[in-house]
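Everything below concerns the one structure shown next.
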Amino acid sequence: MKTSDTTYRDLAVGLYPKMEYKPIEQCQPGDLVRLGWGGNSWAFIAKHQENESWLAVLLSDLPSQPSIGPAQQPPFYINLASDMRECVLCYGKNWRIEINQKIENVKLGTNCSYEYSGSLVVKGEQCLLLASPFDPRGFGSTACIDLASGELSEWPMGSVGIFLNWSLSLHMGGDLFEPLLSFPVEKQG
């Protein structure tokens, strides 16, 4: 005989994708989350090590901001207030990125400081996502987010590999991944 509590617990064990509904401040850097800000936007949680601030790296548009200009297309980052109490669906690290390997989407031996938001930069084993600040006035500088650690990183020096087209998928259990978003990087501004 099952009670309603054990029935829910039994269902949650086999629930895919794996997720938790919890306060955003309990998420870890690198976690994929779904925010409730005006329309369920997807984001990575990131951390700025120098000042210990937390960021949301928004990967999808905010429906409440339909008129953001081309310079404000995702991915972009915003600072999270230290007293933020919003709850999110947290999918943890149950995601993967697939890179489009077509020759027109790959740049090798390039300095990444000239690349646009949304580009993936590879240096050694490090993979960085370039994201612009969310600021309608156009202030702030592009940040490098280390996808393995979820932390802001220094711009890599020297020659790097740049990928201009990639997609994000969510792990659904076993070998199944569900595509969520695609990023063809285009010139901005």
Side-chain angles (χ1 to χ4, degrees), residues 14-20 24 27-35 37 39-47 54-63 68 70-78 88-134 142-156 158-188:
L15 182 67
Y16 286 95
K18 294 290 187 189
M19 70 184 105
E20 290 182 61
I24 198 168
C27 295
Q28 298 299 311
D31 283 353
L32 179 67
V33 299
R34 193 152 205 181
L35 305 168
W37 301 343
N40 298 321
S41 298
W42 291 100
F44 284 127
I45 300 298
K47 187 172 185 182
W54 290 82
L55 308 170
V57 182
L58 299 169
L59 302 170
S60 55
D61 285 322
L62 292 173
I68 55 179
Q72 289 293 277
Q73 297 303 309
F76 50 84
Y77 65 90
I78 58 172
V88 297
L89 283 174
C90 180
Y91 297 86
K93 313 268 185 309
N94 294 321
W95 54 268
R96 77 174 178 193
I97 288 179
E98 296 176 45
I99 297 171
N100 181 326
Q101 294 289 329
K102 289 184 180 175
I103 192 69
E104 65 269 15
N105 297 318
V106 179
K107 295 180 182 179
L108 300 176
T110 306
N111 180 330
C112 74
S113 62
Y114 301 109
E115 295 306 320
Y116 298 104
S117 182
S119 299
L120 288 179
V121 177
V122 176
K123 176 87 176 189
E125 292 184 9
Q126 190 176 33
C127 184
L128 305 166
L129 172 63
L130 302 185
S132 297
F134 180 69
T142 300
C144 295
I145 294 96
D146 185 317
L147 291 175
S149 68
E151 297 173 354
L152 264 63
S153 177
E154 297 290 323
W155 285 84
S159 181
V160 296
I162 308 287
F163 297 94
L164 303 175
N165 194 298
W166 54 277
S167 61
L168 175 70
S169 297
L170 184 60
H171 186 236
M172 299 299 288
D175 292 336
L176 297 173
F177 282 84
E178 178 181 321
L180 295 178
L181 305 164
S182 292
F183 287 89
V185 179
E186 299 175 11
K187 291 184 179 180
Q188 302 163 345

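Closest approach of C144 and P156 over heavy atoms only: SG-CD, 4.3 Å. In terms of heavy-atom proximity, W54 sits nearest to K47 at CZ2-CD, 3.9 Å. Nearest heavy atom pair, residue A131 against residue F76, reads CB-CA, 4.2 Å. Across every non-hydrogen atom of T142 and S132, the tightest pair is OG1-OG, 4.0 Å. P29 and G150 get closest at one heavy-atom pair: CB-O, 3.6 Å. Taking both residues in full, the closest heavy atoms of P179 and S169 are given as CA-OG, 3.6 Å, listed atom of the first, atom of the second, then distance.
At a threshold of 4.5 Å between non-hydrogen side-chain atoms, the residues I145 and L152 count as touching. By the 4.5 Å heavy-atom criterion applied to side chains, N165 and V106 are not counted as neighbours. Contact check for L164 versus K107: side-chain heavy atoms found under the 4.5 Å cut-off. Put simply, the side chain of L32 does not reach to within 4.5 Å of the side chain of V57, judged on heavy atoms. The side-chain heavy atoms of L147 and I97, taken from C-beta on, include a pair separated by under 4.5 Å. With a 4.5 Å cut-off on side-chain heavy atoms, L120 and C127 count as touching. For the pair Q126/D146, a side-chain contact is recorded, criterion being any heavy-atom separation below 4.5 Å from C-beta on. Using a 4.5 Å heavy-atom cutoff, the side chains of C90 and V33 are in contact.
Atoms NZ and CE, on K18 and M172 in that order, are 11.5 Å from each other to the nearest 0.5 Å. Between the CG atom of L89 and the CD1 atom of I24 there is a distance of 11.5 Å, given to the nearest 0.5 Å. Considering CG of N100 and OG of S167, their distance stands at 8.5 Å, rounded to 0.5 Å. L128 contributes atom CG, which lies 10.5 Å from atom NZ of K123 (distance to the nearest 0.5 angstrom). Of the inter-residue distances, the one linking N105 atom CG with F163 atom CZ reads 10.0 Å to the nearest 0.5 angstrom. To the nearest 0.5 Å, atoms CG (L58) and CZ (F44) are separated by 11.5 Å.
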Please report the C-alpha distance between Y116 and L130 in whole Å, then the side-chain angles of each, then the deciding distance to 0.1 Å, and finally whether the side chain to side chain contact (heavy atoms under 4.5 Å, CB included) criterion is met.
CA-CA 7 Å; Y116 298 104; L130 302 185; over 6 Å; no

For the pair I162 and V122, evaluate side chain to side chain contact (heavy atoms under 4.5 Å, CB included) and give the outcome as yes or no after the intermediate values.
CA-CA 6 Å; I162 308 287; V122 176; over 6 Å; no

Evaluate M19 against R34 for side chain to side chain contact (heavy atoms under 4.5 Å, CB included), listing each step before the verdict.
CA-CA 10 Å; M19 70 184 105; R34 193 152 205 181; over 6 Å; no

Evaluate W95 against F177 for ring pair (Phe, Tyr, Trp, His ring centres under 6.0 Å), listing each step before the verdict.
CA-CA 8 Å; W95 54 268; F177 282 84; over 10 Å; no

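Enclosure of atom CD in E104 by more than 12 non-hydrogen atoms of other residues, nucleotides or ligands within 6.0 angstrom is indicated.
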